[in-house]
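This is the structure I want to talk about, given as structure tokens.
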Amino acid sequence: MKSIVVLLSGRGSNLQAILDARLPVRVAAVLSNDPRAEGLARARAAGIAVRAFDHREFAERAAFDRRLAEEIDRFEPDFIVLAGFMRVLGDAFVARYAGRIVNIHPSLLPAFPGLQTHRRALEAGVRIHGCTVHFVTPTLDLGPIIIQAAVPVLPEDDEARLAARVLEQEHRIYPQALAWLAAGSVVLDHDRVTFPHGRPAPALIVPPLDA
Ligand code: GRF
């Protein structure tokens with residue numbers, strides 16, 4: 001069975017969705033840069049090893065990254081799963097785990113990389129918004145895309161309503177992406193995502209406007 005280490009900084013609802021999906025994947029550990037992250041409590045409740053290192057105690061980013069890598073390597077995971085991990089990982093870290101780090105981002109990349117994606121989507125007046133699971137490469141939020149889900153932006157939306165609609169889809173696509181990775185049915189090949197055992201799954205478009 002493939003194993004993963006999950007990195008998170010906060011709430012951990014994506015971790016919870018991954019656990020609840022009961023994938024054929026071993027969650028070897030959950031690591032955080034914030035000892036108070038709610039996601040750590042979820043991991044503990046599921047009997048998963050947790051480790052937290054406060055990034056503010058490290059003089060520089062590279063030192064934090066090295067400590068993180070040291071800890072990750074103890075668990076020998078096949079994949080590193082970023083689930084609301086709010087630290088930018090340096091190039092050396094990303095290179096060390098090339099092709100083995102995945103992230104979930106709350107927008108339809110390449111639109112709205114970075115923070116406050118829902119507010120920016122509302123400000124831009126887009127009619128469709130969503131979320132993306134992608135491989136992590138040195139460029140922030142712009143790695144090869146594994147799966148996306150799109151949701152409508154409705155006239156009465158505010159940031160919270162839109163975020164909730166997107167989050168519901170995050171909880172569908174992250175377990176799906178990990179199931180594919182674990183089965184070897186999605187791989188990264190020279191910066192392209194390929195589905196060697198069949199056709200790529202269609203993007204999810206939900207919900208229909210007037211179903
Ligand atoms: C999610 O919206 C995810 O896309 C983003 O950070 C948020 C984390 O939420 N990267 P949670 O901690 O999984 O609840």
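Each ligand, and each atom within it, is numbered from 1 in the order the structure gives. Since the model is a prediction, treat every value here as computed from it, not as a measurement.
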### Salt bridge present between E168 and R172 (N-O < 4.0 angstrom)
no

### Task
Salt-bridge test for R96 and D65: reply yes if a basic N is under 4.0 Å from a carboxylate O, no otherwise.
no

### Message
Is the contact between M86 and ligand 1 made by the side chain, the backbone, both, or neither, using heavy atoms and a 4.0 Å cut-off?
### Response
neither

### Summary
Nearest non-hydrogen protein atom to atom 2 (O) of ligand 1, with distance, is E170 OE2, 3.0 Å

### Task
Run down the list P106, S13, S9 and name the one with the heavy atom closest to atom 11 (P) of ligand 1.
S13

### Task
Would you indicate whether R36, at its atom CZ, is surrounded by more than 12 heavy atoms from other residues, nucleotides or ligands within a distance under 6.0 Å?
no

### Query
Do any nitrogen or oxygen atoms of G12 come within less than 3.5 Å of a nitrogen or oxygen of ligand 1?
yes

### Query
Identify the closest protein heavy atom to atom 10 (N) of ligand 1: which residue and atom is it, and at what distance?
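Closest protein heavy atom to atom 10 (N) of ligand 1: I104 O, 3.1 Å.
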
### Query
Parallel, tilted or perpendicular: which describes the rings of F64 and F85, with under 30° parallel and over 60° perpendicular?
parallel

#### Entry: L23 reachable from V6 in the ILVMFWY side-chain graph, under 4.5 Å edges
yes

### Message
At less than 4.0 angstrom from any non-hydrogen atom of R11, what atoms of ligand 1 do you find?
### Response
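Reading through ligand 1 atom by atom, the close ones are 9 (O), 11 (P), 12 (O), 14 (O).
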
### Query
So which protein heavy atom does atom 6 (O) of ligand 1 come closest to, and at what separation?
G84 CA, 3.5 Å

### Query
Taking C-beta and beyond as the side chain, do Q16 and H171 meet within less than 4.5 Å on heavy atoms?
no

